*Asks:* 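Sharing a structure below in structure tokens format, with a few things to ask.
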Amino acid sequence: MLSPKRTKFRKMHKGRIHGDAKGGAELNFGHYGLKAVEPERITARQIEAARRALTRHMKRQGRVWIRIFPDVPVSKKPTEVRMGKGKGSVEFWAAKVKPGRIMFEIDGVGESVAKEALRLAAMKLPIKCRFISREDW
């Protein structure tokens, strides 16, 4: 699973995801892509599950680019622990995704295979996604 090798700080504030994607909103590498439609935190496990679904359907042909990286530590306190006594330990890593962000790009396969592969990947993610291609531009 994806996670940073090292970070400046161990824990982070939750924050909010405002506005649309500033960068990463256009296809840069592949011919087809999966674009986020709503804001959400996507965990490293969800990214890995989507990647597996994608590569399995493509039968390891073509090329896959993952355009998001889980760099936000999400902490959680254990169950049945009283309030106070500090912030919980880091439970998992997540990527903050804004609407319009392209999360996955693929190339080297036909449009029908790409569409189905990205649909299967989108099923693993907690947000609504849209299939886009270079012909859409």
Side-chain angles (χ1 to χ4, degrees):
M1 277 192 302
L2 297 170
S3 68
K5 284 191 184 83
R6 56 183 297 277
T7 56
K8 191 169 183 180
F9 300 106
R10 281 189 312 132
K11 298 171 186 175
M12 207 181 270
H13 292 311
K14 186 177 280 180
R16 298 288 178 268
I17 305 171
H18 297 295
D20 293 335
K22 197 170 61 170
E26 288 164 16
L27 290 170
N28 286 346
F29 304 101
H31 214 77
Y32 308 103
L34 192 66
K35 191 176 225 178
V37 179
E38 42 189 36
E40 188 66 61
R41 274 192 323 204
I42 296 178
T43 68
R45 280 176 176 271
Q46 290 163 346
I47 295 169
E48 179 61 16
R51 186 198 63 78
R52 282 185 186 173
L54 204 61
T55 51
R56 285 231 174 97
H57 185 77
M58 289 166 58
K59 296 190 172 78
R60 298 209 315 272
Q61 295 170 340
R63 182 104 198 262
V64 177
W65 290 270
I66 302 170
R67 298 277 308 272
I68 53 175
F69 187 80
D71 57 348
V72 178
V74 179
S75 64
K76 187 168 175 259
K77 289 175 87 79
T79 53
E80 297 179 10
V81 170
R82 293 182 180 183
M83 292 287 101
K85 306 282 187 288
K87 195 172 169 76
S89 56
V90 173
E91 197 77 6
F92 58 90
W93 293 87
K96 286 184 178 176
V97 174
K98 291 183 172 186
R101 176 80 190 195
I102 291 176
M103 299 177 287
F104 295 92
E105 288 188 38
I106 59 176
D107 206 351
V109 290
E111 185 171 357
S112 60
V113 175
K115 207 167 206 168
E116 181 61 18
L118 288 168
R119 186 190 71 79
L120 291 170
M123 299 289 277
K124 307 291 179 192
L125 300 172
I127 58 174
K128 286 181 188 163
C129 306
R130 216 174 74 225
F131 172 82
I132 58 164
S133 67
R134 287 223 188 258
E135 283 82 55
D136 294 347
W137 303 117

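What you see is a predicted model; the values in this text were computed from it and never measured.
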*Asks:* Is Leu27 reachable from Val113 through a run of I, L, V, M, F, W or Y residues, each pair having side-chain heavy atoms under 4.5 Å apart?
*Replies:*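 Shared cluster, no.
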*Asks:* Only distances under 3.5 Å count here; give the side-chain donor-acceptor pairs of residues 7-21 to other protein atoms, sequence neighbours excluded, each with its distance to 0.1 Å.
*Replies:*
{"residue": "Thr7", "atom": "OG1", "partner": "Phe9", "partner atom": "O", "Å": "2.9"}
{"residue": "Lys11", "atom": "NZ", "partner": "Lys87", "partner atom": "O", "Å": "3.4"}
{"residue": "Lys11", "atom": "NZ", "partner": "Gly88", "partner atom": "O", "Å": "3.2"}

*Asks:* When you look at NZ of Lys77, are more than 12 heavy atoms from neighbouring residues, nucleotides or ligands closer to it than 6.0 Å?
*Replies:*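 More than 12 within 6.0 Å, yes.
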*Asks:* Going through the checks in order, is the side chain to side chain contact (heavy atoms under 4.5 Å, CB included) test met by Phe29 and Asp107?
*Replies:* CA-CA 8 Å; Phe29 304 101; Asp107 206 351; over 6 Å; no
*Asks:* To the nearest 0.5 Å, what is the distance between CD1 (Ile66) and CD (Glu105)?
*Replies:*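 So the gap between those two atoms works out to 11.5 Å.
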*Asks:* Testing the basics here: between Ile127 and Ala36, what is the closest heavy-atom pair and its distance to 0.1 Å?
*Replies:*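 Smallest interatomic distance, heavy atoms only, reads CD1-CB, 3.6 Å.
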*Asks:* At their closest point, which heavy atom of Phe104 faces which heavy atom of Ala50, and how far apart are they?
*Replies:*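 Scanning both residues, the minimum pair turns out to be CZ-CB, 3.7 Å.
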*Asks:* Output the distance between atom CD (Glu111) and atom OH (Tyr32), rounded to the nearest 0.5 Å.
*Replies:*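 Those atoms lie 4.5 Å apart.
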*Asks:* To the nearest 0.5 Å, what is the distance between CZ on Phe69 and CD1 on Ile47?
*Replies:*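 Output value for this atom pair is 8.5 Å.
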*Asks:* Give, for atom CG of Leu2 and atom CH2 of Trp93, the distance between the pair rounded to the nearest 0.5 Å.
*Replies:*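 Atom-to-atom, Leu2:CG and Trp93:CH2 are 12.0 Å apart.
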*Asks:* Counting N and O atoms only, with roles assigned by atom type, does the side chain of Arg67 sit under 3.5 Å from a partner on the main chain of Arg101, one being a donor and the other an acceptor?
*Replies:*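 Side chain of Arg67 to backbone of Arg101: no pair is present.
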*Asks:* Is it true that Val64 and Leu120 fall in one hydrophobic cluster, defined by side-chain heavy atoms closer than 4.5 Å?
*Replies:*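 No; Leu120 is not reachable from Val64 via cluster members.
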*Asks:* Please tell me whether Val74 and Ile68 are part of a single hydrophobic cluster in this structure, the criterion being side-chain heavy atoms less than 4.5 Å apart.
*Replies:*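 Different hydrophobic clusters.
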*Asks:* To the nearest 0.5 angstrom, please state how far the CZ atom of Arg63 sits from the CE atom of Met58.
*Replies:*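 If I round to the nearest 0.5 Å, the distance is 10.5 Å.
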*Asks:* Can you see which heavy atom on Gly100 is nearest to which on Lys35, and at what distance?
*Replies:*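 That closest heavy-atom pairing would be O-CE, 3.1 Å.
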*Asks:* Is there a donor-acceptor pair closer than 3.5 Å between any side-chain N or O of Arg130 and the backbone N or O of Gly33?
*Replies:*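 Checking the backbone N and O of Gly33 against the side chain of Arg130, no donor-acceptor pair under 3.5 Å is found.
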*Asks:* What is the distance from atom CZ of Arg119 to atom NE2 of His57, rounded to the nearest 0.5 Å?
*Replies:*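 Output value for this atom pair is 8.5 Å.
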*Asks:* By the definition side-chain contact (heavy atoms from CB on, under 4.5 Å), identify the one residue from Leu54, Ile132, Leu125 that meets it with Leu34.
*Replies:*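 Single side-chain contact (heavy atoms from CB on, under 4.5 Å) partner of Leu34 among Leu54, Ile132, Leu125: Leu125.
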*Asks:* Under 4.5 Å between any side-chain heavy atoms of Ile42 and Met103, yes or no?
*Replies:*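 Yes, close enough: below the 4.5 Å cut-off.
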*Asks:* Does the distance from a Lys or Arg side-chain N to an Asp or Glu carboxylate O, for Arg45 and Glu48, drop under 4.0 Å?
*Replies:*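 Looking at Glu48 together with Arg45, the answer is no, because their closest N to O distance does not fall below 4.0 Å.
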